[in-house]
Amino acid sequence: MQNLPELLQKAKQGDKKAFGILYKEYYQRIYRYCKTNLYKDDVAEDVCQETFIRAWKSLPSFVMTETGTFQAYLFRIARNLIIDLGRKKKEFSLAFYEDIETDEDHIEQIERKDNIARVKQALAKLNEIDRQIVILRYFEEMSHSEVAKIIGIKEGALRVRTMRLLTKIKGLLS
Amino acid sequence: MENWEEYKKVYKTIQIPDVNTEWENIRHRLPRQQKHRFTYYFRYATAFAAVVLIIGAGVVSASQKAQPGEALYSLKQFTSSFGQIKPKKPDTIIQKKVTPPLIKKPTPTITPTPTPKQSPAQSSAKIEKDVQGAHIENTNRENGNQGTDTAKGQQNTNSSQTNGSGNNTNTQSGNDNQGQGNGNTGQGKSDESHGNSDNAHSNSNGNSGDNSDKGNGSGKSK
């Protein structure tokens, strides 16, 4: 990828080609995030596309202060859209689990399924914000500051919340 | 936390649709970008500072103008006047005017005297008498003022009345002030059948009771 600020500047001025490069760079992550929170593929695709359309529309008002804030900006739009759709705890799904094809033997597969089912149950017991923190912080491997921006809380508060959340998940999985 | 790592592995292997085709789809759907409006972040701070400056300047200017003993703050002065009754000054005591008690004077009462009722015949006779008296007075006045009228060149003549006998020969022009021979006034209405006007017998001097301005002695109209 080219220099991110340069691409952003071009996209702000209406350059669709530059925005296309940004789209291809971030599409995978946004889609995964949407898919994790939404149970249907087509809905996830729609939300993902809507995320980029909204980002394009409001791009001139976006001010990048640090590296990585554009990613947080996209995830925040996606999160807001997911909340708007009202797909929260009940609709939370791990449907992608069945799509995985592995070369493991049957016993290993059963064990694996059992482990994943536990995680699934543990995540389902969490509230919406906690679940977002887990996905963004541990699966997407984002920094605390980025996650704090997406969730809309202070970084210090997020750190405290993450610590408590880990303890809670350990208790649920054990 | 083994479960956790496995779940993460699963998360990372989520199948993703082709990015290029997705981009081709979305590319044509991209709308016009919203124009970014300039936002001045310190607008409230600036507005507050401006208000403080204005009030401060007002207070300073008021304090410069104030005399010793006066309130320095014009605002305080201004607001204190709301809803408060001004205390009376001790020097200005309002003296009540002592008015003497009114004495009722006895007012004379006029009692209307009852007038005797008159019959219609009596009243009409009285009216006739009054009219006659008024005519006589008028003629006397006319005679007295004749000199002045002739001096003005406005002599009033009445042919029917100058005859003395009361015969009105010129009845047509009798009422016409612009008539050639006899200028008669409006009041000199003559009765053709009788030849005597009502006024005729009362006018011994040949002048009608009414004084016509238009009638000339020569009979020429204006």
Side-chain angles (χ1 to χ4, degrees), chain A residues 11-14 16-17 19-21 23-33 35-36 41 44-45 48-50 52-54 56-63 94-97 99-102 111-120 122-123 134-135 138-141 166 169-170 173-174, chain B residues 1-63 73-76 78-79 82:
Chain A
K12 273 184 179 184
Q13 290 165 0
K16 284 185 181 179
K17 205 175 178 179
F19 188 72
I21 296 164
Y23 178 87
K24 283 166 190 171
E25 178 66 25
Y26 290 104
Y27 179 79
Q28 198 176 354
R29 299 181 78 180
I30 297 293
Y31 180 81
R32 266 202 309 246
Y33 177 71
K35 182 84 187 278
T36 315
D41 286 1
E45 275 179 33
C48 192
Q49 282 195 353
E50 188 61 31
F52 281 97
I53 286 167
R54 283 198 183 186
W56 166 259
K57 256 173 62 173
S58 55
L59 200 60
S61 60
F62 170 72
V63 182
L94 294 174
F96 56 88
Y97 162 72
D99 299 336
I100 299 161
E101 290 174 7
T102 53
E111 279 180 5
R112 198 167 165 270
K113 277 185 181 179
D114 189 45
N115 288 337
I116 289 165
R118 278 184 176 182
V119 177
K120 184 185 168 184
L123 283 172
V134 169
I135 292 166
Y138 295 106
F139 300 160
E140 287 292 339
E141 295 171 343
L166 279 173
I169 289 166
K170 273 179 187 174
L173 290 173
S174 59
Chain B
M1 295 298 283
E2 286 174 9
N3 305 339
W4 199 255
E5 288 300 318
E6 276 186 15
Y7 190 83
K8 192 177 172 181
K9 205 176 168 184
V10 169
Y11 181 85
K12 292 279 180 188
T13 53
I14 291 171
Q15 282 185 341
I16 293 155
D18 186 23
V19 181
N20 292 319
T21 50
E22 286 293 318
W23 169 244
E24 286 302 316
N25 289 336
I26 199 176
R27 197 178 148 190
H28 305 289
R29 285 174 58 199
L30 289 176
R32 281 184 71 182
Q33 283 182 327
Q34 290 170 348
K35 283 184 180 177
H36 174 55
R37 286 184 296 177
F38 175 72
T39 48
Y40 182 57
Y41 294 102
F42 302 105
R43 54 186 180 272
Y44 294 113
T46 312
F48 179 72
V51 168
V52 167
L53 271 173
I54 289 162
I55 291 168
V59 168
V60 168
S61 66
S63 67
Y73 307 102
S74 57
L75 270 175
K76 195 179 174 184
F78 182 67
T79 51
F82 289 130

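The chains referred to below are lettered A, B, ... by the order of the sequence lines, with proteins before strands, and numbering in each begins at 1. Atom set for the values below is all heavy atoms of this structure, side chains included, hydrogens, waters and symmetry mates excluded.
- Most heavy-atom pairs under 4.5 Å with chain B: of the set A:L59, A:V134, A:I53, this distinction falls to A:I53.
- The part of A:E141 that comes within reach of chain B is its side chain, from C-beta onward, which places non-hydrogen atoms under 4.5 angstrom from that chain.
- Between A:Y27 and A:Y31, the ring planes lie parallel to each other; the angle is under 30°, not in the 30° to 60° tilted range.
- In this structure, CH2 in B:W23 is found 7.5 Å from NZ in A:K16, a value given to the nearest 0.5 Å.
- Distance CD1/B:I14 to CZ/A:R29: 12.5 Å, rounded to 0.5 Å.
- Comparing B:K8, B:E22, B:R32, B:R27 by heavy-atom pairs within less than 4.5 Å of chain A, the highest count is held by B:E22.
- Counting heavy-atom pairs closer than 4.5 Å to chain B, the top residue among A:A122, A:G14, A:A44, A:C48 is A:G14.
- B:K12 is listed as a side-chain neighbour of A:R32, based on a closest heavy-atom distance under 4.5 Å.
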